[in-house]
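Here is the structure we will look at, set down as structure tokens.
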Amino acid sequence: MASSQGSDAGKTALRAEYVRIRTRMGASVRAATDARILLGLEELSAWKNARLILTYVSFGSEVDTHALMQAAWAAGKQVAVPRCRRSHSLDFYVISSEDDLEPGLRGLMEPSPDCGRPLTPPQMVGSLCIVPGLVFDADGYRIGYGGGYYDRFLAFYPGEKVALVRSRQLSGNPLPRDEHDVPVDWLVSESGTWCCNPMVR
């Protein structure tokens with residue numbers, strides 16, 4: 001993976017830098033890149049074997065997950081998306097289409113109150129979680145948006161974790177990490193797939 005930022009850079013500076021990198025990419029380049037990322041994800045055994053996909057709902061210049069949700073439904077999988085709580089935690093709800101989404105906390109699209117009860121950890125066994133982030137390193141650690149939502153959730157999540165990441169969002173150097181940070185198991189970029197956790201191979 002290409003080297004980008006050193007481990008001595010603070011998380012705040014890294015967030016600002018990688019937001020700039022992401023937003024400087026043209027829309028057509030992002031779309032072509034994200035289509036290749038989705039193809040790579042669909043080749044991953046963790047995707048093929050998962051009956052349930054937990055995914056964020058992308059917005060702005062994030063790696064697109066709308067096509068991912070359509071691909072999951074077409075493959076007969078269930079899709080669950082998160083609702084952010086004011087306690088900086090996440091609850092995931094199964095949705096049957098994007099019509100089940102509405103603007104929620106911080107303006108992000110979230111499942112409507114009509115989506116029933118949130119999933120429990122036992123219901124997530126055998127699932128795959130798509131984890132967002134601004135930059136990832138080879139060990140699967142990431143710099144996210146600073147709220148700690150996903151690290152709290154992943155501490156108890158029983159399935160495999162994958163990040164969809166454009167090559168420009170990959171760091172060849174270790175990122176700053178805290179004791180509570182939870183790495184992903186897989187990185188899928190337009191240039192290939194990287195296993196960060198040999199225990200899941």
Side-chain angles (χ1 to χ4, degrees), residues 1-38 40-41 54-69 81-90 92 98 101-110 129-155 161-194 196:
M1 292 187 292
S3 177
S4 48
Q5 295 290 331
S7 60
D8 57 338
K11 287 187 176 182
T12 299
L14 285 166
R15 286 188 187 101
E17 175 62 18
Y18 279 94
V19 166
R20 284 193 294 270
I21 289 171
R22 197 173 71 183
T23 55
R24 280 200 298 259
M25 292 182 71
S28 60
V29 174
R30 288 200 304 267
T33 299
D34 293 358
R36 292 197 296 273
I37 291 172
L38 177 57
L41 175 65
L54 311 183
T55 181
Y56 63 97
V57 181
S58 60
F59 84 69
S61 59
E62 289 185 311
V63 173
D64 176 55
T65 62
H66 298 275
L68 177 158
M69 289 188 280
V81 299
R83 182 183 298 160
C84 299
R85 300 173 64 181
R86 296 193 183 277
S87 59
H88 283 226
S89 60
L90 296 175
F92 278 81
E98 293 196 55
L101 301 174
E102 63 180 29
L105 192 65
R106 300 169 70 179
L108 301 175
M109 296 300 286
E110 297 186 344
C129 184
I130 311 299
V131 180
L134 289 165
V135 55
F136 293 81
D137 67 19
D139 293 323
Y141 286 93
R142 68 192 180 96
I143 301 294
Y145 297 96
Y149 290 90
Y150 267 88
D151 287 316
R152 290 182 181 87
F153 169 73
L154 294 175
K161 306 167 291 294
V162 61
L164 310 181
V165 53
R166 303 181 188 113
S167 292
R168 296 181 193 180
Q169 294 169 258
L170 292 169
S171 174
N173 298 310
L175 293 170
R177 61 189 68 166
D178 297 321
E179 187 175 329
H180 64 269
D181 291 343
V182 179
V184 298
D185 301 305
W186 299 91
L187 298 172
V188 179
S189 79
E190 74 277 15
S191 58
T193 298
W194 176 266
C196 310

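In this chain, residues are counted from 1 in sequence order.
- Residues forming a salt bridge (Lys or Arg N to Asp or Glu O under 4.0 Å) with R166 (at least two apart in sequence, or on another chain): D34.
- The main-chain N or O of V162 is never found under 3.5 Å from a side-chain atom of D185 such that the two would form a donor-acceptor pair.
- A 4.5 Å side-chain heavy-atom check between T33 and R168 finds every atom pair outside the cut-off.
- Contact of the P82 side chain with the Y150 side chain is registered, since non-hydrogen atoms from C-beta on lie closer than 4.5 Å.
- The two residues V188 and L41 make their nearest non-hydrogen contact at CG1-N, 3.7 Å.
- In terms of heavy-atom proximity, L108 sits nearest to F59 at CD2-CE2, 2.6 Å.
- Listed here is the closest heavy atom pair of V135 and L170: CG2-C, 4.5 Å.
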C196/F136 under side-chain contact (heavy atoms from CB on, under 4.5 Å): CA gap, chis, key distance, verdict: CA-CA 11 Å; C196 310; F136 293 81; over 6 Å; no
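- Between R30 and T23, the shortest heavy-atom contact is NH1-O, 4.2 Å.
- In this pair, F153 and F92 present their aromatic rings tilted. The plane angle is within the 30 to 60° band.
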Y18 vs I143, side-chain contact (heavy atoms from CB on, under 4.5 Å): CA-CA, chis, key distance, verdict: CA-CA 9 Å; Y18 279 94; I143 301 294; over 6 Å; no
Chi angles and distances behind the side-chain contact (heavy atoms from CB on, under 4.5 Å) call for C84, L90: CA-CA 5 Å; C84 299; L90 296 175; 3.8 Å; yes
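- Heavy atoms only, all atoms of each residue included: Y56 and V131 are closest at CE2-C, 4.1 Å.
- Within a 6.0 Å sphere centred on OH of Y145, heavy atoms belonging to other residues, nucleotides or ligands number more than 12.
- Atom CD in Q169 sits 10.0 Å away from atom CG in L164 (nearest 0.5 Å).
- Just one residue in the list P174, S171, P183, P176 forms a side chain to side chain contact (heavy atoms under 4.5 Å, CB included) with Y141, and that residue is P183.
- The salt bridge (Lys or Arg N to Asp or Glu O under 4.0 Å) analysis of residues 175-184, with sequence neighbours excluded, yields the pairs K11-D178, K11-D181, D137-R177, D139-R177.
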Residues V165, R142; criterion side-chain contact (heavy atoms from CB on, under 4.5 Å); working and verdict: CA-CA 11 Å; V165 53; R142 68 192 180 96; over 6 Å; no
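- S58 contributes a side-chain N or O that, together with a main-chain N or O of T65, makes up a donor-acceptor pair within less than 3.5 Å.
- Distance alone, capped at 3.5 Å, places no donor-acceptor pair between the E190 side chain and the I37 backbone.
- A donor-acceptor pair under 3.5 Å is absent between the side-chain atoms of S89 and the main chain of R85, judged by distance alone.
- Atom CD in E102 sits 7.5 Å away from atom CE in M109 (nearest 0.5 Å).
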Pair S61-R22, side-chain hydrogen bond (donor to acceptor under 3.5 Å, both in side chains): steps then yes or no: CA-CA 6 Å; S61 59; R22 197 173 71 183; 2.9 Å; yes
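- Among all heavy-atom pairs drawn from T193 and G40, the shortest one is OG1-O, 4.3 Å.
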